[in-house]
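When a ligand or atom number is given, it counts from 1 through the structure's own listing order.
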Amino acid sequence: MKKITLALNWKLYLNELESIEFVEKINHSKNQFDLIDLEIYPSATAIRSVRNVLNHSSIKIGLQDFSIFEKGAFTGSLSLSSIEIDCCIVGHSERRDFYNENDNLILKKLQISNAKKISTILCVGESLNEKEEGLSKERIKSQLSILKNLDIQIPLTIAYEPIWAIGTGEVPSKEYISDMLSTIKSELNTLYSHEKNSALRLFYGGSVDETNIRNLSDIVLLDGFLIGSAGSKFEKLMKMVNNLI
Ligand code: 13P
């Protein structure tokens with residue numbers, strides 16, 4: 001079986017102490033976590049503690065989002081230089097929806113993480129309306145079109161996260177996900193050389209949990225999952241890991 005990456009987007013589910021308790025449990029079940037690639041995206045306030053407590057150097061720790069401002073009079077902001085991290089997420093649909101982030105801003109963030117050579121997950125995905133109107137692929141292509149302005153230097157991951165599947169328990173069929181990942185792959189083929197393209201990863205996210213991860217993991221183009229709710233509960237994470245190894 002191919003090695004699948006689990007990227008845990010902890011959103012605002014766990015505070016600092018809960019995050020520490022979580023990684024202490026990972027420390028105590030070390031062997032299983034040697035067999036998969038894990039990335040954890042805690043709340044920014046918990047990153048330092050998670051890094052200090054986690055006894056597992058192969059697990060990457062990242063930011064869920066960051067500001068385009070690097071340093072200075074920007075109250076409440078957090079930049080990629082604010083804290084030591086291995087990776088980051090940009091363009092999550094919750095940022096696009098709740099904070100009105102548009103493709104221009106998302107491109108600026110990608111340019112920053114690219115310049116700093118920080119491995120980045122770019123999230124794309126259609127809304128329920130767009131799906132029902134048959135516009136899913138157009139939506140994805142338009143979200144990916146910002147990449148033509150990016151001379152990619154970093155390990156980039158595209159996470160396909162249909163908005164209607166996030167937190168709803170509704171998971172697209174494997175055929176649907178495969179078709180969308182193929183669309184993403186062929187868009188990327190038009191943008192980048194074969195060499196750069198083969199280094200790009202494709203993830204799926206949206207209601208992934210211990211009941212469906214095994215079945216979804218054999219989608220040919222899939223390199224990993226971006227997991228929200230289920231990845232913030234240790235018992236569920238263990239079941240997901242055990243279902244994959
Ligand atoms: P859920 O796994 O809770 O549906 O969230 C998915 C997600 O948004 C990951 O970024």
Exercise for review: Identify the protein heavy atom lying closest to atom 5 (O) of ligand 1, giving its residue, its atom name and the separation to 0.1 Å.
Suggested key: Lys11 NZ, 3.2 Å

**Study point:** Geometric N/O contact Ser207 with ligand 1, under 3.5 angstrom
**Key:** yes

Point to revise | Asp103 vs Lys108, salt bridge (charged side-chain N to carboxylate O under 4.0 Å, His left out): CA-CA, chis, key distance, verdict | key: CA-CA 9 Å; Asp103 284 333; Lys108 282 188 192 151; over 6 Å; no

Check your understanding: What part of Asn9, side chain from CB on, backbone N/CA/C/O, both or neither, has a heavy atom under 4.0 Å from ligand 1?
Key -> side chain

Review point. What atoms of ligand 1 come closer than 4.0 angstrom to any heavy atom of Glu161?
Key: 6 (C), 7 (C), 8 (O), 9 (C), 10 (O)

Review point. Do the two ring centres, one from Phe234 and one from Phe22, sit under 6.0 Å apart?
Key: yes

Point to revise | Glu101 and Lys109: CA distance, side-chain angles, deciding distance, salt bridge (charged side-chain N to carboxylate O under 4.0 Å, His left out) verdict | key: CA-CA 11 Å; Glu101 293 199 0; Lys109 293 187 180 191; 2.8 Å; yes

Practice item. With heavy atoms of Gly206 as the reference, note each atom of ligand 1 found under 4.0 Å away. Key: 4 (O), 6 (C)

**Study point:** Residue, atom name and distance, where the atom is the protein heavy atom closest to atom 3 (O) of ligand 1
**Key:** Ser229 N, 2.9 Å

**Study point:** Distance filter under 4.0 Å to Gly167 heavy atoms, resulting ligand 1 atoms
**Key:** 1 (P), 4 (O)

Point to revise | Leu78 CG to Gln64 CD distance, which is reported to the nearest 0.5 Å | key: 10.0 Å

Check your understanding: Parallel, tilted or perpendicular: which describes the rings of Tyr160 and Tyr204, with under 30° parallel and over 60° perpendicular?
Key -> tilted

Check your understanding: Hey, which atoms in ligand 1 end up nearer than 4.0 Å to a heavy atom of Gly228?
Key -> 1 (P), 2 (O), 3 (O), 5 (O), 6 (C), 9 (C)

Exercise for review: Start with the C-alpha distance between Glu130 and Lys141, add both sets of side-chain angles, then the distance that settles salt bridge (charged side-chain N to carboxylate O under 4.0 Å, His left out), and finish with yes or no.
Suggested key: CA-CA 13 Å; Glu130 288 161 342; Lys141 287 181 191 171; over 6 Å; no

